Undergrad: 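This is the structure I have questions about; it appears just below.
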Amino acid sequence: MRRAAVSRHLSSLSSSQSHHLNVPVCFTANISHTQTPKQSLLDLIKSCARRSHLLQIHAHIVRTSLVLEPIICLQFLSLVALSPLKSISYSSRFFDQIAKPTTFQYNTMLRAYSISDSPEEGFSMYRDLLRRGLRADALASSFVIKSCIRVSSLLGGIQVHARILRDGHESDSRLLTTLMDLYSICGKCDEACKLFDEMPKRDVVAWNVLISCCLHNNRTRDAVSLFDIMRSETHRCEPDEVTCLLMLQACSNLNALEFGERVHKYIEEHGYDGASNLCNSLIAMYSRCGCLDKAYEVFKGMKDKNVVSWSAMISGLAVNGYGREAIEAFGEMQRMGVLPDDQTFTGVLCACSHCGLVDEGMVFFDRMSKDFGVVPNIHHYGCLVDLLGRAGRLDQAYQLILSMDIKPDSTIWRTLLGGCRIHGHDALAESVIGHLIELKAQEAGDYVLLMNIYSSAGNWEKLTEVRKFMKEKAIQTTPGCSTIELKGVAHEFVVDDVSHPRKDEIYKMLDEINGQLKIAGYVADVSSELHNLGTEEKGHALSYHSEKLAIAFGVLATPPGTPIRVAKNLRICVDCHNFAMALSGVYNREVIIRDRTRFHHFREGRCSCNGYW
DNA sequence: CTAGGGTTAG
């Protein structure tokens with residue numbers, strides 16, 4: 001029924017006086033004879049798209065006592081709660097007047113709450129349902145878990161889980177998949193895995209949830225390994241588009257280019273390469289793995305480039321040091337008639353920050369809200385603080401944070417702290433630490449940066465103080481970790497790592513490299529090292545940073561001339577930066593290091609950052 | 001006895 005028809009029906013409906021059959025004349029008039037009056041009302045409800053019509057239907061239901069008709073009620077509830085009209089308060093008031101709601105009606109409300117702005121209400125309704133002695137079926141449980149997921153309520157989820165076991169729904173694989181997702185979201189990776197193991201039948205969605213669980217709980221390498229495990233003889237589960245999407249994210253995180261290429265091939269072989277979400281993920285993966293050519297190739301081949309595709313490409317260019325090109329792409333995007341959104345501007349501002357385009361960045365930031373209606377978020381401010389901080393305009397950056405209309409988070413203070421380190425601004429660093437403490441978000445990394453600052457300034461007294469404080473508070477340092485991929489396998493290194501099977505060769509190679517670099521004039525930079533030791537010892541202690549181990553392994557295990565790609569979870573230190581720079585010349589190797597904030601491309605003894613770092 | 005459940009882009 002078209003909108004006009006609905007309107008016509010409704011107007012005659014409200015004026016109709018003949019209710020003796022509980023059905024207004026207008027309902028029987030225009031509708032085929034095979035339909036009962038009740039069905040026609042259902043059709044009317046289903047096709048209703050305006051709130052004013054809704055009120056009229058509601059009035060009609062009340063007037064004709066159809067409130068007692070479960071089907072009518074249910075449809076009405078679904079309409080109010082789930083259709084584009086969705087109004088959860090309206091439907092909950094309607095629901096409240098139903099004397100004895102059926103399980104179906106409860107489920108409709110539970111579903112509505114699970115996708116509403118107040119998902120926690122779903123849990124109260126679930127308790128209400130149980131209080132009335134009704135049994136929650138698999139669907140009811142599924143909706144409640146969805147609510148729990150929305151508010152990350154592990155406790156609520158555990159209660160529902162117990163009830164599921166009691167009610168004998170423990171072999172409903174779709175329900176278990178939802179539960180797995182809940183445990184995954186709440187960081188209970190082991191619980192999710194346990195559920196997966198106990199599942200009687202595992203379809204591709206269950207595998208995907210497991211992979212997503214690993215991906216979001218710092219078990220990225222496990223996530224990657226599941227791609228082959230699920231396809232193996234024992235499981236015979238064919239990865240789908242979602243699996244590929246998750247795999248590409250994992251590859252991005254691990255810098256696993258070869259594996260990413262394998263997934264790309266898989267995507268092509270299965271004809272998924274027309275899917276824009278997969279193409280966009282491919283662009284992001286290739287960019288983040290430092291392979292801009294391939295990212296651009298995918299981008300170029302896309303028929304319908306949407307805002308996500310453009311943003312991915314812009315960020316890709318920016319993060320790889322092609323700030324000017326990123327800004328050009330932004331202009332091209334607008335010429336193509338694609339409207340930028342918040343994430344596009346994150347990429348653009350990032351581009352400015354990476355090439356030191358301070359004034360341009362400020363202009364973009366200004367235009368963003370004025371010309372495009374994009375409200376600045378914490379990431380935009382973060383880029384700006386980075387931009388100002390790196391340019392040495394630390395006080396301006398500090399003022400910017402103080403003037404923000406959103407609460408500064410720990411990341412933004414940390415960004416400023418990074419600027420303080422570059423420019424050795426002790427005083428500001430101290431007050432930033434103050435803000436971090438205030439946020440109760442102080443992390444080891446912050447103190448490490450502060451110690452770097454004191455160490456550079458040779459302020460051993462203060463340095464000792466900080467170290468003592470850290471020890472007292474039992475603050476754990478996040479271990480620095482570098483990964484390098486070889487033949488599709490990610491190798492992981494931590495500081496002074498001795499766990500690698502080829503550790504002897506690696507350390508031997510590292511010593512050899514150090515010797516060669518020394519001849520070429522490389523001197524270990526000890527300023528950023530934490531320990532107030534003798535210079536000799538410090539030079540030694542520096543040699544085993546995880547990125548150096550990864551690089552040494554790369555030199556050892558790949559043919560001469562092969563580019564070495566390393567990903568590091570923290571910021572690269574000054575010394576490792578110099579080390580990679582020298583190595584790129586002496587060993588004639590392109591070295592690409594992706595650290596927490598950016599890419600460093602080393603070639604012929606130089607870095608793409610040109611000292612702007 | 002209607003219809004209603006899981007993963008997922010930058």
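On a predicted model such as this, the values are computed, not experimentally measured, just so you know. In the text below, chain A, chain B and the rest are named by the order of the sequence lines, each starting its count at 1.
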Undergrad: Does one side chain, of A:Q56 or A:H60, offer a donor that lies under 3.5 Å from an acceptor on the other?
TA: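 No, no side-chain donor-acceptor contact under 3.5 Å.
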Undergrad: Could you verify whether a donor N or O on one side chain and an acceptor N or O on the other, from A:T243 and A:N208, lie under 3.5 Å apart?
TA: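 Yes - a donor-acceptor pair under 3.5 Å links their side chains.
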Undergrad: When all nucleic acid strands are considered with a 4.0 Å heavy-atom cut-off, which category describes A:T344: base, sugar-phosphate, or nothing?
TA: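 Result for A:T344 = base.
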Undergrad: Taking any heavy-atom pair under 4.0 Å as a contact, classify A:S315: base, sugar-phosphate, or nothing.
TA: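 Touches nothing.
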Undergrad: With a 4.0 Å cut-off on heavy atoms, is A:E241 in touch with a base, just the backbone sugar-phosphate, or nothing at all?
TA: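 Touches nothing.
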Undergrad: Have A:Y322 and A:H354 got a donor and an acceptor in their side chains that come within less than 3.5 Å?
TA: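 No, because no side-chain N or O of A:Y322 sits under 3.5 Å from a partner of the opposite role on A:H354.
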Undergrad: If you walk 5' to 3' along DNA chain B, what is the first nucleotide with an atom under 4.0 Å of a heavy atom in chain A, and what is the last?
TA: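 Range of nucleotides within reach of chain A: B:dT2 to B:dG10.
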Undergrad: Quick one: ring-ring contact (aromatic ring centres under 6.0 Å, His included) partners of A:H235, sequence neighbours excluded?
TA: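 For A:H235 the ring-ring contact (aromatic ring centres under 6.0 Å, His included) partners, ignoring immediate neighbours, are A:W207.
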Undergrad: Quiz question: by atom type and distance under 3.5 Å, do the side chains of A:N306 and A:S309 form a donor-acceptor pair?
TA: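 Yes.
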Undergrad: Answer with base, sugar-phosphate or nothing: what part of the nucleic acid does A:A138 contact at a heavy-atom distance below 4.0 Å?
TA: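 Base, at least one base atom sits under 4.0 Å.
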Undergrad: Looking across every strand, which nucleic acid part, if any, lies under 4.0 Å from A:V209 by heavy atom: base, sugar-phosphate, or nothing?
TA: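 Sugar-phosphate, no base atom in range.
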Undergrad: Quick one: label A:T346 by what it contacts on the DNA or RNA (base, sugar-phosphate, nothing), any heavy atom closer than 4.0 Å.
TA: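 Here A:T346 touches no strand at all.
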Undergrad: Is A:A140 touching bases, backbone alone, or none of the nucleic acid, heavy atoms closer than 4.0 Å?
TA: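 No contact.
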Undergrad: For A:D222 and A:S225, does a side-chain donor sit closer than 3.5 Å to a side-chain acceptor?
TA: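 Checked: A:D222/A:S225 side chains show no N/O donor-acceptor pair below 3.5 Å.
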Undergrad: Determine whether the side chains of A:D128 and A:Y106 contain a donor N or O and an acceptor N or O closer than 3.5 Å.
TA: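 Short answer, yes.
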Undergrad: How is A:L179 classified with respect to the nucleic acid when contacts are heavy atoms under 4.0 Å: base, sugar-phosphate, or nothing?
TA: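 Here A:L179 touches no strand at all.
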Undergrad: Heavy atom of residues 107-134 of chain A under 4.0 Å from DNA chain B: which residues?
TA: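 Those residues are A:N107, A:R111.
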Undergrad: Kindly state whether the ring of A:H58 and the ring of A:F76 have centres lying under 6.0 angstrom apart.
TA: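 Here the rings of A:F76 and A:H58 have centres that are less than 6.0 Å from each other.
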Undergrad: Under a plain distance cut-off of 3.5 Å, with no hydrogens placed, do A:T415 and A:D386 share a side-chain donor-acceptor pair?
TA: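 Note: A:D386 and A:T415 side chains miss the donor-acceptor criterion.
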Undergrad: For A:V307, answer base if it contacts any base atom (sugar-phosphate contacts may also be present), sugar-phosphate if it contacts only those atoms, and nothing otherwise; contact means non-hydrogen atoms under 4.0 Å.
TA: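 Base: the residue A:V307, judged by heavy atoms under 4.0 Å, touches a nucleobase.
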